[in-house]
Amino acid sequence: MFQRLLFLLPFLLTALGGWAQPIYFDKLFDYDHQTEILLNAVSNEGNLVFVARSRDVYADTAVLYFVRMDQEGNELLTNVFNPRARSMRAGTLITHPDSGYVFFNSIEDTSGVGQNLQLIRFNDIGEAIWTVEYPRDGDDFGIAGIQCADGGYAMYAQAADTSGNSANNMFIRTDSSGTEQWRKFYGGGNWEAAYDLLELPNGDFFLLGWTRSYGHGQRDFYLVKTDPQGDEIWHKTYGTSNMETGTDIIRLSDGNYLLAGAQIIDGVDKGKLIKVNGSGTIIWQEEYLYPGSDATEINQILELEEGSFVGTGVTDNSGEGNAGWLLKTDSEGNLLWQRKYNHNQYTDLFYGVLATDDGGFLLSGQAINLDNNSQDAWLLKVDSIGCPYPNCTVGIEEEEKIVMVDVWPNPVNDVLNIEKADFSASLEMTVFDVNGRLMTSSSPSFSESERLRIDVSSWPSGLYILQGCDEKGRSFSVKVIKE
């Protein structure tokens, strides 16, 4: 059977040429051996573009690196931009609908007076067309930015007061040339932090972060709805007496919204997803923790075509340090699989995830190597089931809980057989096509037989990933060819 599979595979790959082969790469970007953090990446006309920041600790200045790559991770263009800053905080890169890119940044200028927001309009090769700064007394940290339906821009950031004893969230709206139209502030007398914003179809806005002024008094998810002029319509908090953080918000294909972040439960920081409707009412919420981890946090979430979700962030183990984290759920937030990644085995994490043309994902973040005291921008390209190299196994639990199963015939025409092996009677099973699209999910039972029989006669010819997990966390992942 194995020889038959090897013989048929090249034929099927040729005959089914409609699907792309997965691309894999794992790359660090270390410019001038200084400190770099990859902010986020975007795709544009088949290329990948990102901006990294680098701080020269000796000259006490910072620069930006604008990089374009092909889909295999090969650098095509690198351009250096000096924003005349001592330091920079996390920012957001977006593509401009006409051409070029827009970068939302926060900087401490060379005078050392305050941390202010900055908007940069780049052309296609990373040259600045214009730059606008938005000064204010006090420090403004972190920034989320979008281009609005009217062509202008919206920015959301944490605005600390001059005493440093509290902070509200600040919303700035500009025209298409970056000229400020208005700014508004949200929060109470304690601390707030801003992470993401979203323009709604009617021109209103959702603003997401965390608050200590409202809710339970610890860090709660903080969702603010405003009208098109930034005036607050309502705000809602989501959380408990523990600490929660809202980091990302997306509008879903069904017209509802998904919030991502983290929540401390019984002393453990878990990744959190909350689905809400347009009024902010919770539809469902789920928590996630990588097995053996002390803490996890989701930094960015994507909805895929079939309605499932992919999120990325960081998982922490006190004995091993941080690792990049990727998880996939179904449309109801039920975990399908998760995986962690290390480059240096020290402090690694992801800020962003991008769906790529081959059905996989590009993960962007940073990797710190304590052996040489370096901090580098990190890009990791994985396939549709999170594998960073061909034929890896992605399970919900650690390697010792991955179970080998007999699946036959493979290739298959009509009925696929799966032996029970070490699985318990209850099994959650999912099937993905080669591009990572969820084909089906089910909860078959071995209660009446030691074997499962799956009718695949209606499946189109192609390569599929069959995954299963029982209530004890034992899992399998196998590739199946449908003739």
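Computed from a predicted model, the values in this text were never measured in an experiment.
Asn242 places a side-chain N or O within donor-acceptor distance of the main-chain N or O of Ile264, the cut-off being under 3.5 Å. Judged by distance alone, the side chain of Thr296 and the main-chain N or O of Gly271 form a donor-acceptor pair under 3.5 Å. Side chain of Lys27 to main chain of Gly73: a donor-acceptor pair is present (N/O by atom type, distance under 3.5 Å, no hydrogens or angles). Put simply, the side chain of Asn105 never gets that close to the backbone of Gly91: no donor and acceptor are under 3.5 Å apart.
A salt bridge links Asp358 and Lys381; the closest N-O separation between the charged side-chain nitrogens and carboxylate oxygens is under 4.0 Å. With respect to the salt-bridge test (charged N to carboxylate O, under 4.0 angstrom), the residues Arg219 and Glu244 do not qualify. The pair Asp220-Lys236 does not meet the salt-bridge criterion, since no charged nitrogen lies less than 4.0 angstrom from a carboxylate oxygen. Taking the charged nitrogens against the carboxylate oxygens, Asp254 and Lys275 do have a contact shorter than 4.0 Å, which makes a salt bridge. Salt-bridge check for Lys328 with Glu306: passed, with a basic side-chain N closer than 4.0 Å to an acidic carboxylate O.
Asn299 is not listed as a side-chain neighbour of Phe350, based on a closest heavy-atom distance of 4.5 Å or more. Between Leu223 and His235, every side-chain heavy-atom pair lies at or beyond the 4.5 Å cut-off. You'll find the side chain of Val51 stays beyond 4.5 Å of the side chain of Phe81, heavy atoms only. Side-chain contact between Cys148 and Phe205 is present, with at least one heavy-atom pair separated by less than 4.5 Å. A 4.5 Å side-chain heavy-atom check between Val49 and Val67 finds every atom pair outside the cut-off. For the pair Lys184/Arg173, no side-chain contact is recorded, criterion being any heavy-atom separation below 4.5 Å from C-beta on. Counting only heavy atoms from C-beta outward, the side chains of Glu180 and Ile172 approach each other to under 4.5 Å. In this structure the side chain of Val310 never reaches within 4.5 angstrom of the side chain of Leu327, judged on heavy atoms.
Nearest heavy-atom pair, Ser308 versus Thr329, reported as atom, atom and distance to 0.1 Å: CB-O, 3.1 Å. Taking each heavy atom of Arg339 and Gly386 in turn, the nearest pair found is CD-O, 3.3 Å. In this structure, Leu335 and Gln338 approach most closely via the heavy-atom pair CD2-NE2, 3.4 Å. When all heavy atoms are compared, the tightest approach of Ala157 to Ala194 is C-CB, 3.5 Å. Between Asp204 and Pro228 the shortest heavy-atom distance is OD1-CD, 3.1 Å. Between Thr226 and Leu207, the shortest heavy-atom contact is CG2-CD1, 3.8 Å.
Defined by atom type and a distance below 3.5 Å, a donor-acceptor pair is missing between the side-chain atoms of Gln158 and Tyr195. Using modelled atom types, one finds a donor on one side chain and an acceptor on the other under 3.5 Å when comparing Glu303 with Ser253. No side-chain donor-acceptor contact under 3.5 Å links Asp376 and Gln366. For the residue pair Tyr101 / Asn44, a side-chain donor-acceptor distance below 3.5 Å is found, with atom types taken as modelled. Under 3.5 Å, the side chains of Asn322 and Asp348 contain no donor-acceptor pair of N or O atoms. Checking Tyr24 against Asp383 by side-chain atom types alone, a donor-acceptor pair falls below 3.5 Å. Remark: the Thr211 side chain and the Glu192 side chain contain an N/O donor-acceptor pair separated by less than 3.5 Å.
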After noting the C-alpha distance and the side-chain angles of Ile143 and Tyr134, does the key distance pass the side-chain contact (heavy atoms from CB on, under 4.5 Å) rule?
CA-CA 12 Å; Ile143 184 172; Tyr134 306 90; over 6 Å; no
Asn190 and Ser166: side-chain hydrogen bond (donor to acceptor under 3.5 Å, both in side chains), yes or no, with the steps?
CA-CA 5 Å; Asn190 206 316; Ser166 65; over 6 Å; no
Steps toward salt bridge (charged side-chain N to carboxylate O under 4.0 Å, His left out) verdict (Lys225, Asp231):
CA-CA 8 Å; Lys225 184 176 183 180; Asp231 294 321; over 6 Å; no
Are Ile298 and Asp248 close enough, and set up right, to give a side-chain contact (heavy atoms from CB on, under 4.5 Å), and what steps lead you there?
CA-CA 8 Å; Ile298 301 173; Asp248 193 31; over 6 Å; no
Test side-chain contact (heavy atoms from CB on, under 4.5 Å) applied to Val102 and Leu119, step by step:
CA-CA 7 Å; Val102 179; Leu119 184 59; 3.4 Å; yes
Could you walk me through whether Leu48 and Ser43 satisfy the side-chain contact (heavy atoms from CB on, under 4.5 Å) test, starting with their C-alpha distance in whole Å, then the side-chain angles of each, then the deciding distance to 0.1 Å, before giving a yes or no?
CA-CA 5 Å; Leu48 303 169; Ser43 60; 4.2 Å; yes
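Note that CD of Glu297 is 9.5 Å distant from CH2 of Trp325, once rounded to the nearest 0.5 Å. For the atom pair CD of Gln147 and CD1 of Ile94, the computed distance is 5.5 Å after rounding to the nearest 0.5 Å. Distance check, rounded to the nearest 0.5 Å: CD of Gln218 to OG1 of Thr245 gives 10.5 Å. In this structure, Glu286 CD and Tyr288 OH are separated by 5.0 Å, a value rounded to the nearest 0.5 Å. For the atom pair Asn169 CG and Trp191 CH2, the distance stands at 11.0 Å (nearest 0.5 Å). Within the model, atoms CG of Leu326 and CD1 of Ile385 stand 11.0 Å from one another, a figure rounded to the nearest 0.5 Å.
Here Phe50 and Phe29 bring their ring centres to under 6.0 angstrom of each other. Ring centroid separation for the pair Phe206 and Trp234 comes in under the 6.0 Å cut-off.
Among residues two or more places apart in sequence or in another chain, the ring-ring contact (aromatic ring centres under 6.0 Å, His included) test is passed with Tyr238 by none.
Taking the six-membered ring where tryptophan is involved, the planes of Trp284 and Phe309 are tilted, since the angle between them lies from 30° to 60°. Ring-plane geometry between Phe171 and Trp182 is classed as perpendicular, the angle between the planes exceeding 60 degrees on a 0 to 90 degree scale with a lower cut at 30. The aromatic rings of Tyr222 and Tyr214 lie tilted to each other, with the angle between the two planes from 30° to 60°. Classified by interplanar angle (parallel below 30°, tilted 30° to 60°, perpendicular above 60°), the ring pair Phe66/Phe122 is tilted.
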